[in-house]
There are 2 protein chains.
Amino acid sequence: MTESKSRRRGAELERAILDAAWAELSELGYARFTVEGVAARAGTSKPVLYRRWKGRAELALAAWSRRVPVSDEVLDTGALRTDMIALFTHLSRRAGAMMTEIVAGVMADAFRHPEVAELLRERLARPFSLTETVTAVVNRAVERGELPPVELPHRAARAPLDLVRNEYITCGGGPLDEAVIAELVDDVYLPLLRGLGSACTD
Amino acid sequence: MTESKSRRRGAELERAILDAAWAELSELGYARFTVEGVAARAGTSKPVLYRRWKGRAELALAAWSRRVPVSDEVLDTGALRTDMIALFTHLSRRAGAMMTEIVAGVMADAFRHPEVAELLRERLARPFSLTETVTAVVNRAVERGELPPVELPHRAARAPLDLVRNEYITCGGGPLDEAVIAELVDDVYLPLLRGLGSACTD
DNA sequence: ACCCCTAAGATACGTTGCGTTTCTTATTGA
DNA sequence: TCAATAAGAAACGCAACGTATCTTAGGGGT
């Protein structure tokens, strides 16, 4: 009755399900994210979901992947330090609480189901435009003369996201404090960049 | 029958339970770690456990905390880089897979039960002797003249563990590859240390 | 325009594991 | 000696996973 309108199929249905899944994730978090809940919200039933995804972890990842945010516009505040503060702040909002909970939850499930671990790794490895963004910011600093010429290794370019994620993991909870971001930038990341530049000192 | 010998109580019983819990964690991982399993292994029953810990997350944390590994002996290989490789390798073995799985699992539970989040944070914040170890290694390097005098900020001292943990999270699975460790040391951590030293260059 | 076959939707099931309740019985210690 | 305390055993209710069964809608080929 509720849905005697029309029976959705294929791609349309899939979109509806993933939208519902994302809504559940956003409202409840992964911990309270249930397959039944998604089915109910999408106005369909569990078997329909299980025909498409192997379990709740895969469903959550699929929903998350559709929302790849990204395209971090390259901000230019005029100085390296403030650029970095802005970048870290941006990351901490974008990639913060939601992502950490999903990652934690999916990861926990992944230890049971190795296939899921693989999917998660793919999702996390996707560096979206981060590498490019960081490189751009650093290059600008080099041009300005704030840094000696730097060859930015892959891991160093990824480090901002890693630092932010780590902070979430170990300190849980809310969005990152300004003071914390300042520490990450001043005590870790800027020194790292300076160190990369002065590689000739050894 | 099995235990008509003597009914354990108090501290003795608690030790037995936590030993059993640790054994379960080690053999099965957090994903397959169950309260029932621990009770069975310890030769007792669930209510006894629930009288002491609020749930399986707390139980796992308690078991883990008893095993504070630690006392990383301060190794001295004669050079900063090899010291660091050794330290990272040590961390990757000690704190690696097991810890990551526990953290992921407990964290997932923690999103449901905020009290658990607090416990987890305490546990993670405990820097065991890591800070001291890193500081010692760095100080030796300074004495040798490999680094300019460095004031090591807290976050920089913790970074090795963070880097290792991150690698586990994003790359999953087994113990860290030698090559990966070398990258972490050469591309990230040593530059960071050099950068901290050359703070005067700005 | 018809019919068939695929896939959607509904329902109900079996299982696992959490956390609880109830009751019995051993041990401690006053 | 005996009462209070806590251990041990068994069973329960609940939530959620993942599955199996069945009915029915509607798209596509003829």
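Chain A is the first sequence line, chain B the second, and so forth, proteins listed ahead of strands; every chain is numbered from 1.
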Without decimals, in angstroms, what is the distance between [X] [atom1] and [N] [atom2]?
X      : N      : atom1 : atom2 : answer
B/K46  : D/dC14 : NZ    : C1'   : 12 Å
B/L13  : C/dA26 : CG    : C1'   : 13 Å
B/L49  : C/dG19 : CG    : C1'   : 11 Å
A/R8   : C/dA8  : CZ    : P     : 10 Å
A/R51  : C/dA8  : CZ    : P     : 6 Å
A/R112 : D/dA16 : CZ    : P     : 16 Å
B/E24  : C/dG17 : CD    : P     : 11 Å
A/D109 : D/dA16 : CG    : P     : 14 Å

Have a look at [X] and say if it touches a base, only the backbone sugar-phosphate, or nothing, with a 4.0 Å heavy-atom cut-off.
X     : result
A/S45 : base
A/R32 : nothing
A/R52 : sugar-phosphate

> Would you call B/R165 and B/D162 a salt bridge, using N to O less than 4.0 angstrom?
Replying inline: yes
>> Any carboxylate oxygen within less than 4.0 angstrom of a Lys/Arg side-chain nitrogen, looking at B/R155 and A/D186?
In response: no
>> Go nucleotide by nucleotide along DNA chain C from the 5' end; which of A/T44 and A/E36 gets its closest nucleotide reached first?
In response: A/T44
> Which residue, A/H113 or B/V48, contacts DNA chain D at a nucleotide closer to its 5' end, judged by nearest heavy atom?
Replying inline: B/V48
Which nucleotide wins on minimum distance to the side chain of [X], given the candidates [options]?
X     : options                : answer
A/Y50 : C/dC18, C/dA7, D/dT19  : D/dT19
A/T34 : C/dG19, D/dT24, D/dC17 : D/dC17
B/V35 : C/dT21, C/dT11, C/dC18 : C/dC18
A/R9  : D/dT19, C/dA8, D/dA6   : C/dA8

> Hey, are the side chains of A/L163 and A/E183 touching, using non-hydrogen atoms and a 4.5 Å cut-off?
Replying inline: no
> Checking salt bridge (Lys or Arg N to Asp or Glu O under 4.0 Å) for the pair A/R41/A/E27: CA distance, chi angles, key distance, verdict?
Replying inline: CA-CA 12 Å; A/R41 181 171 210 138; A/E27 285 176 24; 2.7 Å; yes
>> Whether the B/R158 and B/T131 side chains hold a donor-acceptor pair (N or O, under 3.5 Å, no angle test) is what I'd like checked.
In response: no
